[in-house]
Amino acid sequence: MAELAFARRAMLAPHTSGSAALFIVVSGGGWVQVGDERVRIGHGEAVLWPEGVPHGAWTDGSEMRALLVELAEPAAGAVVIDGLARAIGPGVEVTPGQGSLRERPARREDHDETEGEPW
């Protein structure tokens, strides 16, 4: 899993990958490509990048932050077992996970909200 931060007019050039991946936009927006199809994408939306199919992403007048989750394929002959959640009874202490997203940079001077650019 990786966090990608696109500046204005930034590009992840079209390429292929040996595994499928989910491209999940968490803020801002831009464009994505899968094969010959190109569509606009915004925060809260995701796209599947299939294995072996050219794919890419870019921005025009706005910034975009996304999570890229590479999907591992089970090895040949491997068995995938469905997981089951364990019930938690009274008296069991559960601690929250720790971590955070990278701090957001300061607002740029050329940011223009009247153009519909997200901040």
Side-chain angles (χ1 to χ4, degrees):
M1 184 166 152
E3 179 185 11
L4 305 175
F6 292 80
R8 292 177 181 195
R9 292 172 282 287
M11 177 180 228
L12 176 61
H15 63 283
T16 59
S17 177
S19 61
L22 283 175
F23 182 84
I24 307 162
V25 178
V26 295
S27 72
W31 296 86
V32 291
Q33 174 180 345
V34 178
D36 292 330
E37 185 179 4
R38 297 174 180 174
V39 296
R40 182 171 283 284
I41 192 167
H43 70 276
E45 296 179 316
V47 65
L48 175 65
W49 285 345
E51 173 183 352
V53 176
H55 54 270
W58 64 94
T59 57
D60 43 24
S62 66
E63 297 173 346
M64 176 170 60
R65 292 169 72 100
L67 297 177
L68 183 65
V69 181
E70 189 171 344
L71 305 173
E73 294 292 327
V79 177
V80 177
I81 300 172
D82 288 333
L84 298 174
R86 183 174 61 122
I88 299 176
V92 177
E93 184 178 332
V94 178
T95 58
Q98 295 186 9
S100 64
L101 292 175
R102 184 173 156 250
E103 186 176 318
R104 221 182 168 147
R107 184 181 295 256
R108 294 172 42 157
E109 289 183 19
D110 61 343
H111 177 263
D112 186 356
E113 290 180 358
T114 63
E115 293 294 321
E117 297 176 358
W119 174 232

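Since the structure is predicted, the reported quantities are computational estimates derived from the model, not experimental observations.
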Show the nearest heavy-atom pair for residues [X] and [Y], with the distance to one decimal.
X	Y	value
Met64	Ala57	CE-CB, 4.4 Å
Gly29	Ser62	O-OG, 3.1 Å
Pro54	Thr16	N-CG2, 3.6 Å

Please identify each residue that fulfils side-chain contact (heavy atoms from CB on, under 4.5 Å) with [X], with sequence neighbours left out.
X	answer
Val53	Val34, Pro50
Ser17	Ser19, His55
Leu22	Ile24, Leu48, Val69, Leu71

*Name all pairs fulfilling the salt bridge (Lys or Arg N to Asp or Glu O under 4.0 Å) condition that reach into residues 52-61, sequence neighbours left out, sorted by first residue then second.*
Arg40-Asp60
*Applying salt bridge (Lys or Arg N to Asp or Glu O under 4.0 Å), which residue pairs with at least one partner in residues 25-39 are found, sequence neighbours left out?*
none
*Please examine the side chains of Met1 and Glu70, heavy atoms only from C-beta on, and report whether any two atoms are closer than 4.5 Å.*
no
*CG of Leu12 to CD of Gln33: how many Å apart, nearest 0.5 Å?*
10.5 Å
*Between Thr59 (side chain) and Arg9 (backbone), is there a donor-acceptor pair under 3.5 Å?*
yes
*Quick one: name the residues clustered hydrophobically with Met11, using the 4.5 Å side-chain heavy-atom rule over I, L, V, M, F, W, Y, and just say none if it's on its own.*
Trp31, Trp58
*Those residues that, when tested against Phe23, pass ring pair (Phe, Tyr, Trp, His ring centres under 6.0 Å) (two or more places apart)*: Trp49
*Look at the side-chain heavy atoms of Ile, Leu, Val, Met, Phe, Trp and Tyr, link any pair under 4.5 Å apart, and say whether Leu67 and Phe6 land in one connected group.*
no
*asked:* Run the side-chain hydrogen bond (donor to acceptor under 3.5 Å, both in side chains) test against Glu45 and tell me which residues pass, sequence neighbours left out.
replied: none
